[in-house]
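Predicted model only: the values in this text are computed from it and were never measured.
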Amino acid sequence: MDFCKNYPLSDWTSGFEHRKTSVLQLPYEEYTGPMDKSASDTNNYKLIRLPNNLVVMCAQDLTTETSAATMSVNVGSSMDPVELQGLAHFLEHMLFMGTEKYPDEDEYKTYISQHSGDYNASTDFFETTFYFDIANNAFEGALDRLASFFTSPLFKKDCVDRELCAVDSEYKGMLNNDFWRGYQIECKLSDP
């Protein structure tokens, strides 16, 4: 992790203290050592490690009224099996359809909308990215809902046909787009 190269974390076990989030009391560890940043940078930063060992860099800008998060996973359309083209994009769609903790398929969308937020996701060649922005006081709830996509998705059978059609429709809608055509050529010529 390049952004951490100057920190004394060669084994990623020292310098972290156990903490819990304020609202949901979720456990995490926070790096408490010094962090280098530009003198003109007024943002606050935290380096945290989640119970699953995912390391996250958090940035806070006190001049905004909203918070945002992005989660990228290193799986994209280039990893689709030949016989299942579109699988990564389909799975992106299915993650929005409910989780064990939040089983209603509209829960994420409703929560984000009720708190002046916006969300989306995209499947690229090498990665799939999920993101949202929301009112500051609703950030933890949105982050918990997003995190549950990756810890306990339901992959509901009754959503499969509808989401397959949605992915197919998005694909067909891009067929005449020159940027998309160039992207498809790049995909076909690469050897991931």
Side-chain angles (χ1 to χ4, degrees), residues 3 19-31 35 37-38 40-52 54-77 88-124 126-156 158-160 162-171 173-174 177 179-180:
F3 66 85
R19 307 279 168 96
K20 287 190 176 187
T21 61
S22 57
V23 177
L24 299 173
Q25 294 297 299
L26 302 172
Y28 69 97
E29 296 176 318
E30 182 178 337
Y31 177 68
M35 297 184 105
K37 68 177 189 175
S38 167
S40 62
D41 186 348
T42 60
N43 292 336
N44 296 318
Y45 296 93
K46 285 186 180 180
L47 184 65
I48 64 173
R49 182 174 46 224
L50 303 177
N52 64 358
L54 178 69
V55 176
V56 180
M57 173 64 78
C58 301
Q60 179 186 38
D61 180 348
L62 296 173
T63 65
T64 66
E65 296 179 4
T66 60
S67 297
T70 299
M71 173 70 175
S72 292
V73 293
N74 290 327
V75 176
S77 60
H89 190 187
F90 169 70
L91 292 175
E92 168 211 311
H93 277 240
M94 290 299 291
L95 290 178
F96 286 95
M97 298 295 112
T99 66
E100 288 178 19
K101 190 170 183 180
Y102 304 102
D104 179 8
E105 70 180 67
D106 289 327
E107 169 64 30
Y108 182 73
K109 172 185 174 182
T110 301
Y111 184 86
I112 299 283
S113 297
Q114 288 175 342
H115 294 93
S116 305
D118 195 18
Y119 72 95
N120 209 337
S122 62
T123 301
D124 206 341
F126 293 112
E127 65 187 13
T128 303
T129 302
F130 300 80
Y131 48 94
F132 70 84
D133 64 77
I134 196 161
N136 288 334
N137 64 351
F139 180 72
E140 269 191 44
L143 193 58
D144 190 51
R145 285 162 176 79
L146 178 64
S148 70
F149 285 9
F150 305 100
T151 59
S152 59
L154 292 179
F155 296 117
K156 296 177 181 177
D158 60 331
C159 297
V160 169
R162 181 181 68 228
E163 295 311 312
L164 283 173
C165 288
V167 169
D168 187 56
S169 177
E170 287 179 30
Y171 171 75
M174 297 298 285
N177 179 296
F179 175 80
W180 181 252

Do the non-hydrogen side-chain atoms of [X] and [Y] ever get within less than 4.5 Å of each other?
X	Y	value
F90	V160	yes
D124	S77	no
C159	M94	yes

Just by distance, do the side chain of [X] and the backbone of [Y] share a donor-acceptor pair under 3.5 Å?
X	Y	value
T21	Q25	yes
S148	K101	no
T110	D106	yes
N136	S67	yes
K37	Y45	no
T64	D61	yes

How far apart are the closest heavy atoms of [X] and [Y], and which atoms are they?
X	Y	value
F132	L143	CZ-N, 3.7 Å
E92	S122	OE1-C, 3.4 Å
M35	L47	CE-CB, 3.5 Å
L62	N44	CD1-ND2, 3.7 Å
P153	F150	CD-C, 4.4 Å
S72	T129	OG-OG1, 2.8 Å

Inset, instruction - Using ring pair (Phe, Tyr, Trp, His ring centres under 6.0 Å) as the criterion, point out the one residue from Y131, F130, F96 that pairs with Y119. - result: F96
Legend entry - V75 and F126: CA distance, side-chain angles, deciding distance, side-chain contact (heavy atoms from CB on, under 4.5 Å) verdict: CA-CA 6 Å; V75 176; F126 293 112; over 6 Å; no
How long is the gap from [atom1] on [X] to [atom2] on [Y], to the nearest 0.5 Å?
X	Y	atom1	atom2	value
D118	S113	CG	OG	8.0 Å
E170	C165	CD	SG	12.0 Å
M97	F149	CE	CZ	8.5 Å
N137	E65	CG	CD	10.5 Å
L154	E105	CG	CD	10.5 Å
T99	D144	OG1	CG	8.5 Å

Legend entry - Pair R145 + E107, salt bridge at N-O below 4.0 Å: yes
Legend entry - NZ/NE/NH1/NH2 to OD/OE distance under 4.0 Å, K156 and E163: no
Legend entry - Validation row, ring centre Y102 to ring centre Y111 under 6.0 Å: no
Inset, instruction - Look at the aromatic rings of W180 and Y171 and report parallel, tilted or perpendicular, splitting at 30° and 60°. - result: perpendicular
Inset, instruction - Show the numbers, then the answer: is there a side-chain contact (heavy atoms from CB on, under 4.5 Å) between M174 and N177? - result: CA-CA 5 Å; M174 297 298 285; N177 179 296; 4.0 Å; yes
Inset, instruction - Please test S22 against E140 for side-chain contact (heavy atoms from CB on, under 4.5 Å), starting from the C-alpha separation and ending with a verdict. - result: CA-CA 9 Å; S22 57; E140 269 191 44; 3.0 Å; yes
Inset, instruction - Could you walk me through whether K46 and V56 pass the side-chain contact (heavy atoms from CB on, under 4.5 Å) test, one step at a time? - result: CA-CA 8 Å; K46 285 186 180 180; V56 180; over 6 Å; no
